[in-house]
Amino acid sequence: MRATCEAVVVGAGPYGLSVAAHLNARGVNIRVFGECMSFWERNMPRGMCLRSPWEASQLSDPAKSLTLDAFQVAIGARLTRPVPLERFIAYGEWFQSRAVPNLEQQKVIDVTKDSEGFRVALENGEVVRCRRVIIAGGIGPFAVRPRQFVDLPLELASHSSEQRDLSRFRGKRVVVIGGGQSALESAALLHECQSDVEMVIRDGTVQWTWQRPWLHTFRPVGAILYAWPDVGPAFISHAVARPNLYRLLPRWLQDSWRVKAARPNGVGWLRPRLRDVTVSTGLAVRSATACGNQVEIKLSDGTHERVDHVLMATGYRVDLKKYEYLSESLLSGLRTTEGFPVLGTGFESSVPGLHFLGAPAAWSYGPLMRFVAGADFAARAVALSIVSVRRTRVGLPIAGALHAHRVAVPRGPEGA
Ligand SMILES: Cc1cc2nc3c(=O)[nH]c(=O)nc-3n(C[C@H](O)[C@H](O)[C@H](O)COP(=O)(O)OP(=O)(O)OC[C@H]3O[C@@H](n4cnc5c(N)ncnc54)[C@H](O)[C@@H]3O)c2cc1C
(Lines give C-alpha, C1' and ligand atoms only; values in the text may rest on other atoms or scores of the structure.)
Protein backbone atom coordinates (compact mmCIF):
# COMPACT_ATOMS: atom_id res chain seq x y z
CA MET A 1 0.00 0.00 0.00
CA ARG A 2 1.33 3.47 -0.86
CA ALA A 3 0.11 6.76 0.51
CA THR A 4 1.22 10.36 0.25
CA CYS A 5 1.49 13.21 2.69
CA GLU A 6 3.46 16.38 2.95
CA ALA A 7 5.65 15.42 5.90
CA VAL A 8 6.32 12.44 8.11
CA VAL A 9 7.33 12.94 11.75
CA VAL A 10 9.36 10.07 13.20
CA GLY A 11 9.06 10.05 16.98
CA ALA A 12 6.48 10.77 19.66
CA GLY A 13 8.61 12.06 22.51
CA PRO A 14 8.66 15.74 23.53
CA TYR A 15 10.15 16.87 20.20
CA GLY A 16 8.05 14.75 17.85
CA LEU A 17 4.83 15.60 19.69
CA SER A 18 5.64 19.31 19.80
CA VAL A 19 6.50 19.63 16.11
CA ALA A 20 3.46 17.56 15.17
CA ALA A 21 1.25 19.82 17.32
CA HIS A 22 2.53 22.88 15.46
CA LEU A 23 2.19 21.32 12.00
CA ASN A 24 -1.30 20.01 12.77
CA ALA A 25 -2.36 23.45 13.91
CA ARG A 26 -1.07 24.97 10.68
CA GLY A 27 -2.99 22.48 8.59
CA VAL A 28 0.04 20.69 7.16
CA ASN A 29 -0.80 17.19 5.96
CA ILE A 30 1.43 15.05 8.17
CA ARG A 31 1.69 11.52 9.44
CA VAL A 32 3.29 10.92 12.82
CA PHE A 33 4.85 7.62 13.80
CA GLY A 34 6.20 6.37 17.12
CA GLU A 35 5.14 5.25 20.55
CA CYS A 36 4.04 8.08 22.76
CA MET A 37 6.73 8.92 25.39
CA SER A 38 8.18 5.42 25.00
CA PHE A 39 11.74 6.37 25.96
CA TRP A 40 10.50 7.89 29.22
CA GLU A 41 8.24 4.92 29.83
CA ARG A 42 10.74 2.16 29.12
CA ASN A 43 14.24 3.54 29.44
CA MET A 44 14.21 5.62 32.61
CA PRO A 45 14.06 4.20 36.14
CA ARG A 46 10.74 4.05 37.98
CA GLY A 47 10.80 6.54 40.85
CA MET A 48 12.94 9.06 38.95
CA CYS A 49 12.12 12.76 38.99
CA LEU A 50 12.81 15.25 36.23
CA ARG A 51 15.98 17.23 36.59
CA SER A 52 14.67 20.10 34.50
CA PRO A 53 12.72 22.81 36.32
CA TRP A 54 8.96 23.22 35.85
CA GLU A 55 9.14 25.92 33.15
CA ALA A 56 11.64 23.86 31.16
CA SER A 57 9.59 20.65 31.26
CA GLN A 58 6.77 21.78 28.97
CA LEU A 59 5.85 20.39 25.60
CA SER A 60 5.02 23.00 22.98
CA ASP A 61 1.73 23.74 21.24
CA PRO A 62 1.15 26.94 19.28
CA ALA A 63 -1.43 28.31 21.71
CA LYS A 64 0.72 27.45 24.75
CA SER A 65 -2.43 26.01 26.24
CA LEU A 66 -1.21 22.45 26.85
CA THR A 67 1.21 23.27 29.64
CA LEU A 68 1.99 21.40 32.85
CA ASP A 69 -0.18 23.95 34.64
CA ALA A 70 -3.10 23.13 32.35
CA PHE A 71 -2.45 19.43 32.92
CA GLN A 72 -2.70 19.94 36.68
CA VAL A 73 -6.06 21.63 36.22
CA ALA A 74 -7.23 18.87 33.88
CA ILE A 75 -6.40 16.07 36.32
CA GLY A 76 -7.47 18.05 39.38
CA ALA A 77 -4.24 17.41 41.26
CA ARG A 78 -1.14 19.43 42.07
CA LEU A 79 2.09 17.96 40.79
CA THR A 80 5.04 17.84 43.13
CA ARG A 81 8.33 19.47 42.12
CA PRO A 82 10.65 18.11 40.87
CA VAL A 83 8.13 16.52 38.54
CA PRO A 84 7.92 12.72 39.02
CA LEU A 85 8.62 10.69 35.89
CA GLU A 86 5.23 8.95 35.91
CA ARG A 87 3.44 12.30 35.99
CA PHE A 88 5.53 13.61 33.11
CA ILE A 89 4.66 10.55 31.02
CA ALA A 90 0.97 11.09 31.80
CA TYR A 91 1.38 14.74 30.78
CA GLY A 92 2.92 13.66 27.45
CA GLU A 93 0.02 11.27 26.82
CA TRP A 94 -2.52 13.97 27.70
CA PHE A 95 -0.75 16.40 25.33
CA GLN A 96 -0.75 13.80 22.54
CA SER A 97 -4.45 13.03 22.90
CA ARG A 98 -5.27 16.71 22.44
CA ALA A 99 -2.70 18.02 19.98
CA VAL A 100 -1.58 14.93 18.05
CA PRO A 101 -4.60 12.61 17.81
CA ASN A 102 -3.26 11.49 14.44
CA LEU A 103 -0.26 9.68 16.05
CA GLU A 104 0.16 6.18 14.65
CA GLN A 105 1.90 3.61 16.87
CA GLN A 106 4.05 2.33 14.05
CA LYS A 107 7.77 1.79 13.79
CA VAL A 108 9.62 3.31 10.85
CA ILE A 109 12.07 0.78 9.44
CA ASP A 110 13.50 2.56 6.41
CA VAL A 111 13.79 6.10 5.08
CA THR A 112 15.16 6.68 1.58
CA LYS A 113 14.95 9.45 -0.98
CA ASP A 114 14.56 9.39 -4.74
CA SER A 115 13.58 11.87 -7.44
CA GLU A 116 9.94 11.85 -6.25
CA GLY A 117 10.73 12.67 -2.61
CA PHE A 118 11.05 10.49 0.48
CA ARG A 119 9.90 6.93 0.88
CA VAL A 120 9.20 5.92 4.47
CA ALA A 121 8.68 2.21 5.10
CA LEU A 122 6.77 1.06 8.17
CA GLU A 123 7.00 -2.18 10.10
CA ASN A 124 3.49 -3.16 8.97
CA GLY A 125 4.61 -3.14 5.31
CA GLU A 126 3.09 0.22 4.40
CA VAL A 127 5.18 2.67 2.39
CA VAL A 128 4.49 6.38 2.77
CA ARG A 129 5.56 8.95 0.19
CA CYS A 130 6.26 12.46 1.41
CA ARG A 131 8.14 15.61 0.63
CA ARG A 132 9.71 15.99 4.08
CA VAL A 133 10.82 13.79 6.94
CA ILE A 134 11.31 15.16 10.44
CA ILE A 135 13.38 12.85 12.58
CA ALA A 136 12.72 13.16 16.32
CA GLY A 137 13.94 9.69 17.21
CA GLY A 138 15.60 10.56 20.53
CA ILE A 139 18.84 9.41 22.15
CA GLY A 140 17.98 5.77 22.82
CA PRO A 141 20.22 4.35 20.06
CA PHE A 142 23.16 6.52 21.21
CA ALA A 143 23.71 4.85 24.63
CA VAL A 144 27.45 4.63 25.38
CA ARG A 145 28.72 1.26 26.62
CA PRO A 146 32.41 1.48 27.60
CA ARG A 147 34.50 -1.20 25.94
CA GLN A 148 35.42 -2.87 29.27
CA PHE A 149 31.85 -4.12 29.57
CA VAL A 150 30.84 -4.97 26.00
CA ASP A 151 31.51 -8.70 26.38
CA LEU A 152 29.50 -9.09 29.58
CA PRO A 153 25.93 -10.41 29.41
CA LEU A 154 23.01 -8.09 30.23
CA GLU A 155 22.43 -9.83 33.60
CA LEU A 156 25.88 -8.72 34.73
CA ALA A 157 26.30 -5.32 33.11
CA SER A 158 23.66 -3.04 31.66
CA HIS A 159 23.32 0.53 30.49
CA SER A 160 21.13 2.69 32.72
CA SER A 161 18.63 2.95 29.84
CA GLU A 162 18.10 -0.82 30.06
CA GLN A 163 16.84 -0.81 33.65
CA ARG A 164 13.30 0.30 34.29
CA ASP A 165 12.83 -1.33 37.69
CA LEU A 166 15.86 -1.04 39.96
CA SER A 167 14.12 -2.90 42.81
CA ARG A 168 15.20 -6.13 41.11
CA PHE A 169 18.65 -5.44 42.61
CA ARG A 170 17.38 -5.54 46.21
CA GLY A 171 20.01 -7.24 48.36
CA LYS A 172 22.55 -7.25 45.51
CA ARG A 173 25.89 -5.52 45.29
CA VAL A 174 25.82 -3.04 42.41
CA VAL A 175 28.48 -0.68 41.10
CA VAL A 176 27.22 2.39 39.25
CA ILE A 177 29.66 3.88 36.75
CA GLY A 178 29.33 7.60 36.02
CA GLY A 179 28.91 10.90 37.83
CA GLY A 180 25.98 12.59 36.09
CA GLN A 181 22.38 12.99 37.17
CA SER A 182 21.40 9.60 35.81
CA ALA A 183 24.20 7.83 37.73
CA LEU A 184 23.54 9.73 40.95
CA GLU A 185 19.78 9.21 40.82
CA SER A 186 20.15 5.51 39.94
CA ALA A 187 22.48 5.10 42.94
CA ALA A 188 19.96 6.86 45.21
CA LEU A 189 17.11 4.68 43.94
CA LEU A 190 19.20 1.51 44.34
CA HIS A 191 20.14 2.50 47.89
CA GLU A 192 16.49 3.20 48.69
CA CYS A 193 15.50 -0.27 47.54
CA GLN A 194 18.12 -1.90 49.78
CA SER A 195 20.86 -2.62 47.27
CA ASP A 196 24.45 -2.45 48.42
CA VAL A 197 25.54 0.27 45.99
CA GLU A 198 28.85 1.96 45.25
CA MET A 199 29.50 4.70 42.70
CA VAL A 200 32.71 4.81 40.66
CA ILE A 201 33.33 8.24 39.19
CA ARG A 202 36.24 9.15 36.94
CA ASP A 203 36.30 12.83 37.89
CA GLY A 204 37.90 13.91 41.15
CA THR A 205 34.66 15.29 42.53
CA VAL A 206 30.90 15.25 41.98
CA GLN A 207 29.62 18.45 40.41
CA TRP A 208 26.33 19.70 41.86
CA THR A 209 23.92 22.28 40.50
CA TRP A 210 21.05 23.90 42.39
CA GLN A 211 23.00 23.68 45.65
CA ARG A 212 21.63 27.07 46.57
CA PRO A 213 18.19 27.05 44.95
CA TRP A 214 17.63 30.78 45.63
CA LEU A 215 20.42 31.56 43.12
CA HIS A 216 18.08 30.13 40.49
CA THR A 217 14.69 31.11 41.85
CA PHE A 218 15.15 34.52 43.57
CA ARG A 219 14.25 36.69 40.59
CA PRO A 220 16.63 39.67 40.84
CA VAL A 221 19.65 37.35 41.13
CA GLY A 222 18.40 34.23 39.37
CA ALA A 223 17.30 36.10 36.25
CA ILE A 224 20.79 37.60 35.85
CA LEU A 225 22.64 34.30 36.32
CA TYR A 226 20.37 31.81 34.59
CA ALA A 227 17.87 31.95 31.72
CA TRP A 228 14.52 30.16 32.15
CA PRO A 229 15.52 26.70 30.80
CA ASP A 230 18.44 26.67 33.23
CA VAL A 231 20.71 24.72 30.88
CA GLY A 232 24.43 25.39 31.31
CA PRO A 233 26.53 27.35 33.79
CA ALA A 234 25.69 30.86 35.05
CA PHE A 235 25.64 33.53 32.29
CA ILE A 236 26.35 30.93 29.54
CA SER A 237 22.81 29.76 30.22
CA HIS A 238 21.48 32.95 28.56
CA ALA A 239 23.17 32.20 25.24
CA VAL A 240 22.11 28.55 25.41
CA ALA A 241 18.49 29.65 25.86
CA ARG A 242 18.64 31.61 22.58
CA PRO A 243 19.56 29.14 19.83
CA ASN A 244 19.53 31.79 17.10
CA LEU A 245 22.06 33.85 19.05
CA TYR A 246 24.07 30.75 19.96
CA ARG A 247 24.43 29.90 16.27
CA LEU A 248 26.07 33.26 15.63
CA LEU A 249 28.88 32.66 18.13
CA PRO A 250 32.33 31.64 16.83
CA ARG A 251 32.51 27.88 16.40
CA TRP A 252 35.19 27.44 19.08
CA LEU A 253 32.97 29.19 21.64
CA GLN A 254 29.92 27.14 20.66
CA ASP A 255 31.95 23.95 21.08
CA SER A 256 33.40 25.02 24.39
CA TRP A 257 29.99 26.01 25.82
CA ARG A 258 28.34 22.87 24.44
CA VAL A 259 30.85 20.78 26.41
CA LYS A 260 30.46 22.92 29.55
CA ALA A 261 26.67 22.71 29.41
CA ALA A 262 26.77 18.92 29.02
CA ARG A 263 29.30 18.28 31.81
CA PRO A 264 28.08 15.54 34.18
CA ASN A 265 26.48 16.95 37.30
CA GLY A 266 23.69 16.25 39.75
CA VAL A 267 20.85 18.43 40.95
CA GLY A 268 21.20 19.51 44.61
CA TRP A 269 17.96 17.83 45.78
CA LEU A 270 19.60 14.42 45.22
CA ARG A 271 22.48 15.07 47.59
CA PRO A 272 20.84 14.12 50.92
CA ARG A 273 19.62 10.86 49.37
CA LEU A 274 23.22 9.82 48.68
CA ARG A 275 24.53 10.46 52.17
CA ASP A 276 24.93 6.74 52.92
CA VAL A 277 26.16 5.69 49.48
CA THR A 278 29.86 4.99 48.91
CA VAL A 279 31.08 7.37 46.21
CA SER A 280 34.58 6.64 44.91
CA THR A 281 35.90 9.55 42.86
CA GLY A 282 39.01 9.79 40.68
CA LEU A 283 38.70 6.11 39.79
CA ALA A 284 38.06 4.23 36.55
CA VAL A 285 37.26 0.60 35.82
CA ARG A 286 40.21 -0.94 33.96
CA SER A 287 38.64 -4.32 33.24
CA ALA A 288 35.58 -6.39 34.01
CA THR A 289 35.37 -10.18 33.85
CA ALA A 290 32.42 -12.50 34.35
CA CYS A 291 32.93 -14.93 37.27
CA GLY A 292 29.86 -17.15 37.49
CA ASN A 293 26.95 -14.99 38.63
CA GLN A 294 29.19 -12.07 39.45
CA VAL A 295 31.57 -9.61 37.78
CA GLU A 296 35.12 -9.05 38.91
CA ILE A 297 36.12 -5.45 38.29
CA LYS A 298 39.64 -4.10 38.39
CA LEU A 299 39.93 -0.42 39.29
CA SER A 300 42.58 2.10 38.26
CA ASP A 301 44.04 2.13 41.82
CA GLY A 302 44.90 -1.56 41.41
CA THR A 303 42.11 -2.88 43.67
CA HIS A 304 39.69 -5.63 42.63
CA GLU A 305 36.13 -6.24 43.70
CA ARG A 306 33.34 -8.67 42.97
CA VAL A 307 29.86 -7.33 42.40
CA ASP A 308 26.53 -8.73 41.27
CA HIS A 309 25.94 -6.07 38.64
CA VAL A 310 27.57 -3.10 36.91
CA LEU A 311 25.19 -0.30 35.94
CA MET A 312 26.68 1.90 33.23
CA ALA A 313 25.22 5.38 33.61
CA THR A 314 27.67 6.46 30.96
CA GLY A 315 25.47 8.70 28.90
CA TYR A 316 24.74 9.05 25.20
CA ARG A 317 26.87 10.09 22.23
CA VAL A 318 25.08 11.27 19.11
CA ASP A 319 25.97 9.24 16.03
CA LEU A 320 23.45 9.43 13.21
CA LYS A 321 24.59 6.09 11.80
CA LYS A 322 22.87 4.50 14.80
CA TYR A 323 19.45 5.52 13.50
CA GLU A 324 19.15 2.21 11.69
CA TYR A 325 16.17 3.30 9.62
CA LEU A 326 18.21 5.93 7.74
CA SER A 327 19.30 4.29 4.49
CA GLU A 328 22.94 4.15 3.45
CA SER A 329 22.25 6.45 0.52
CA LEU A 330 20.64 9.04 2.78
CA LEU A 331 23.48 8.84 5.31
CA SER A 332 26.12 9.21 2.62
CA GLY A 333 24.45 12.42 1.40
CA LEU A 334 24.29 13.95 4.87
CA ARG A 335 26.83 16.51 5.96
CA THR A 336 27.82 15.55 9.49
CA THR A 337 30.39 16.51 12.06
CA GLU A 338 31.31 14.42 15.12
CA GLY A 339 28.27 12.25 14.35
CA PHE A 340 25.86 15.22 14.37
CA PRO A 341 24.07 16.44 11.23
CA VAL A 342 24.96 19.97 10.19
CA LEU A 343 21.62 21.79 10.13
CA GLY A 344 20.50 25.01 8.53
CA THR A 345 17.36 27.12 8.88
CA GLY A 346 14.35 25.18 10.08
CA PHE A 347 16.59 22.34 11.35
CA GLU A 348 16.98 21.13 7.77
CA SER A 349 19.98 18.95 6.98
CA SER A 350 22.13 18.95 3.85
CA VAL A 351 19.58 16.54 2.35
CA PRO A 352 16.78 18.94 1.39
CA GLY A 353 13.54 18.08 3.20
CA LEU A 354 15.22 16.01 5.93
CA HIS A 355 15.08 17.63 9.38
CA PHE A 356 16.54 16.50 12.72
CA LEU A 357 15.27 17.50 16.14
CA GLY A 358 16.37 16.82 19.70
CA ALA A 359 19.93 15.87 20.68
CA PRO A 360 21.17 15.47 17.05
CA ALA A 361 20.45 19.19 16.58
CA ALA A 362 22.76 20.18 19.45
CA TRP A 363 25.83 20.74 17.27
CA SER A 364 23.97 23.29 15.16
CA TYR A 365 21.51 24.79 17.67
CA GLY A 366 23.32 24.30 20.98
CA PRO A 367 22.87 22.20 24.12
CA LEU A 368 19.29 23.36 24.71
CA MET A 369 18.33 20.74 22.12
CA ARG A 370 19.31 17.96 24.51
CA PHE A 371 16.46 18.95 26.78
CA VAL A 372 12.70 19.18 26.63
CA ALA A 373 13.07 22.96 26.89
CA GLY A 374 14.39 23.12 23.30
CA ALA A 375 11.20 21.61 21.86
CA ASP A 376 9.33 24.93 21.69
CA PHE A 377 12.03 26.69 19.68
CA ALA A 378 12.56 23.68 17.41
CA ALA A 379 8.87 23.04 16.73
CA ARG A 380 8.20 26.69 15.88
CA ALA A 381 11.27 26.91 13.63
CA VAL A 382 10.40 23.75 11.69
CA ALA A 383 6.72 24.68 11.31
CA LEU A 384 7.60 28.18 10.13
CA SER A 385 10.12 26.95 7.58
CA ILE A 386 7.79 24.28 6.19
CA VAL A 387 4.84 26.63 5.91
CA SER A 388 6.88 29.39 4.28
CA VAL A 389 8.44 27.00 1.76
CA ARG A 390 4.99 25.54 1.05
CA ARG A 391 3.64 28.99 0.23
CA THR A 392 6.29 29.48 -2.45
CA ARG A 393 6.11 25.96 -3.89
CA VAL A 394 2.99 25.62 -5.92
CA GLY A 395 2.77 23.06 -8.70
CA LEU A 396 5.57 20.64 -7.81
CA PRO A 397 4.72 17.03 -8.82
CA ILE A 398 3.77 15.81 -5.36
CA ALA A 399 1.80 18.92 -4.40
CA GLY A 400 -1.26 18.04 -6.43
CA ALA A 401 -1.63 14.77 -4.61
CA LEU A 402 -1.60 16.39 -1.21
CA HIS A 403 -4.69 17.57 0.56
CA ALA A 404 -4.02 19.63 3.61
CA HIS A 405 -6.03 18.56 6.61
CA ARG A 406 -6.52 20.22 9.93
CA VAL A 407 -6.63 18.50 13.27
CA ALA A 408 -8.68 20.24 15.94
CA VAL A 409 -6.32 21.54 18.61
CA PRO A 410 -6.86 24.23 21.22
CA ARG A 411 -6.32 27.61 19.57
CA GLY A 412 -4.59 30.67 20.92
CA PRO A 413 -3.23 33.89 19.53
CA GLU A 414 -0.64 32.10 17.40
CA GLY A 415 -2.75 29.04 16.55
CA ALA A 416 -3.06 28.00 12.93
C1 LIG B 1 17.58 9.28 32.68
C2 LIG B 1 17.29 10.52 31.87
C3 LIG B 1 16.64 11.58 32.46
C4 LIG B 1 16.37 12.74 31.73
N5 LIG B 1 15.74 13.77 32.35
C6 LIG B 1 15.47 14.89 31.66
C7 LIG B 1 14.79 15.98 32.27
O8 LIG B 1 14.48 15.96 33.46
N9 LIG B 1 14.51 17.07 31.51
C10 LIG B 1 14.86 17.16 30.19
O11 LIG B 1 14.59 18.18 29.58
N12 LIG B 1 15.50 16.14 29.58
C13 LIG B 1 15.81 15.01 30.28
N14 LIG B 1 16.46 13.97 29.66
C15 LIG B 1 16.80 14.10 28.24
C16 LIG B 1 15.59 13.59 27.44
O17 LIG B 1 15.81 12.28 27.07
C18 LIG B 1 15.34 14.44 26.27
O19 LIG B 1 15.15 15.78 26.68
C20 LIG B 1 14.04 14.06 25.53
O21 LIG B 1 13.72 12.71 25.63
C22 LIG B 1 14.18 14.44 24.13
O23 LIG B 1 12.96 14.14 23.50
P24 LIG B 1 12.92 13.52 22.03
O25 LIG B 1 11.54 13.76 21.55
O26 LIG B 1 14.06 14.03 21.24
O27 LIG B 1 13.21 11.96 22.22
P28 LIG B 1 12.49 10.79 23.00
O29 LIG B 1 11.73 11.25 24.16
O30 LIG B 1 13.55 9.77 23.23
O31 LIG B 1 11.46 10.20 21.93
C32 LIG B 1 11.86 9.42 20.84
C33 LIG B 1 10.64 8.96 20.11
O34 LIG B 1 11.04 8.36 18.89
C35 LIG B 1 10.29 7.21 18.68
N36 LIG B 1 11.03 6.35 17.77
C37 LIG B 1 12.31 5.94 17.88
N38 LIG B 1 12.63 5.17 16.83
C39 LIG B 1 11.54 5.10 16.05
C40 LIG B 1 11.24 4.44 14.83
N41 LIG B 1 12.13 3.68 14.19
N42 LIG B 1 10.00 4.57 14.32
C43 LIG B 1 9.07 5.34 14.94
N44 LIG B 1 9.31 5.99 16.08
C45 LIG B 1 10.52 5.85 16.63
C46 LIG B 1 10.05 6.64 20.05
O47 LIG B 1 8.94 5.75 20.08
C48 LIG B 1 9.80 7.91 20.84
O49 LIG B 1 8.45 8.24 20.76
C50 LIG B 1 16.75 12.82 30.37
C51 LIG B 1 17.41 11.74 29.78
C52 LIG B 1 17.68 10.61 30.50
C53 LIG B 1 18.38 9.46 29.84
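Because the structure is predicted, anything quoted here is derived from the model rather than measured. Hydrogens, waters and symmetry mates are skipped; everything else that's a heavy atom, side chains included, is used. Counting starts at 1 for both ligands and their atoms, in listed order.
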Task: Heavy atoms from other residues, nucleotides or ligands near CD of E324 exceed 12 (cutoff 6.0 Å) - done: no
Open item on the list: Tell me the contacting part of F371 for ligand 1: side chain, backbone, both, or neither, using a 4.0 Å heavy-atom threshold, strictly below.
Closed with: both
TODO: Compute whether any side-chain donor of one residue and acceptor of the other, for S60 and D376, lie under 3.5 angstrom apart.
DONE: yes
Task: Under 3.5 Å: N/O of A359 near N/O of ligand 1 - done: no
Open item on the list: Can you confirm, on distance only, whether ligand 1 has an N/O atom lying under 3.5 Å from any N/O atom belonging to A12?
Closed with: yes
TODO: Would you indicate whether K113, at its atom NZ, is surrounded by more than 12 heavy atoms from other residues, nucleotides or ligands within a distance under 6.0 Å?
DONE: yes
Open item on the list: To check your reading of the model: name the closest protein heavy atom to atom 9 (N) of ligand 1, its residue, and the distance in Å.
Closed with: S52 OG, 2.7 Å
Task: Pair R164 + E86: basic N to acidic O under 4.0 Å - done: yes
Open item on the list: For atom 31 (O) of ligand 1, what's the nearest protein heavy-atom neighbour? Residue, atom name and distance, please.
Closed with: G13 CA, 3.5 Å
Open item on the list: What protein heavy atom lies closest to atom 50 (C) of ligand 1? Include the residue and the distance to one decimal.
Closed with: M44 CE, 3.8 Å
- [ ] Assign the ring pair Y91 / F95 to parallel, tilted or perpendicular, where the plane angle (0 to 90°) is split at 30° and 60°.
- [x] perpendicular
TODO: Write out the residue and atom name of the closest protein heavy atom to atom 45 (C) of ligand 1, then the distance separating them to 0.1 Å.
DONE: V10 CG1, 4.2 Å
TODO: Under 4.0 Å from a heavy atom of R370: give me the atoms of ligand 1 that qualify, with their elements.
DONE: 15 (C), 18 (C), 19 (O)
Task: Within-shell test, E185 vs ligand 1, heavy atom, strictly < 4.0 Å - done: no
TODO: Would you mind listing which atoms of ligand 1 come within a distance below 4.0 Å of any non-hydrogen atom of A136?
DONE: 32 (C), 33 (C), 34 (O)
Open item on the list: Can you see whether R173 engages Q294 through a side-chain donor-acceptor pair at a distance of less than 3.5 angstrom?
Closed with: no
Task: Nearest-contact summary for atom 22 (C) of ligand 1 - protein heavy atom, Å - done: Y15 CD1, 3.8 Å
TODO: Just need the protein heavy atom nearest to atom 38 (N) of ligand 1, so name the residue and atom and give the distance.
DONE: Y325 CE2, 4.1 Å
- [ ] Pick whichever of W40, F356, Y316 has a heavy atom sitting closest to atom 13 (C) of ligand 1.
- [x] W40
- [ ] Can you sort out which atoms of ligand 1 are near Q106, meaning under 4.0 Å from one of its heavy atoms?
- [x] 43 (C)
Open item on the list: side-chain hydrogen bond (donor to acceptor under 3.5 Å, both in side chains) for H191 and R273? Distances and angles first, verdict last.
Closed with: CA-CA 9 Å; H191 173 66; R273 293 169 58 190; over 6 Å; no
Open item on the list: I'd like to know whether CD of E338 has more than 12 heavy-atom contacts from other residues, nucleotides or ligands below 6.0 angstrom.
Closed with: yes
Task: Heavy-atom side-chain contact between H238 and L245 under 4.5 Å - done: no
Task: Exam field: side chain Q72 to backbone L68, donor-acceptor pair closer than 3.5 Å - done: no
Task: Shortest protein heavy-atom distance from atom 48 (C) of ligand 1, along with the residue and atom involved - done: S38 OG, 3.4 Å
Task: atom 42 (N) of ligand 1: nearest protein contact (heavy atom, Å) - done: V108 N, 2.8 Å
TODO: Please confirm whether Y316 and H159 have ring centers closer than 6.0 angstrom.
DONE: yes
Open item on the list: So is M48 touching ligand 1 or not, going by heavy atoms under 4.0 Å?
Closed with: yes
Open item on the list: For G137, state whether at least one heavy atom is located under 4.0 Å from any atom of ligand 1.
Closed with: yes
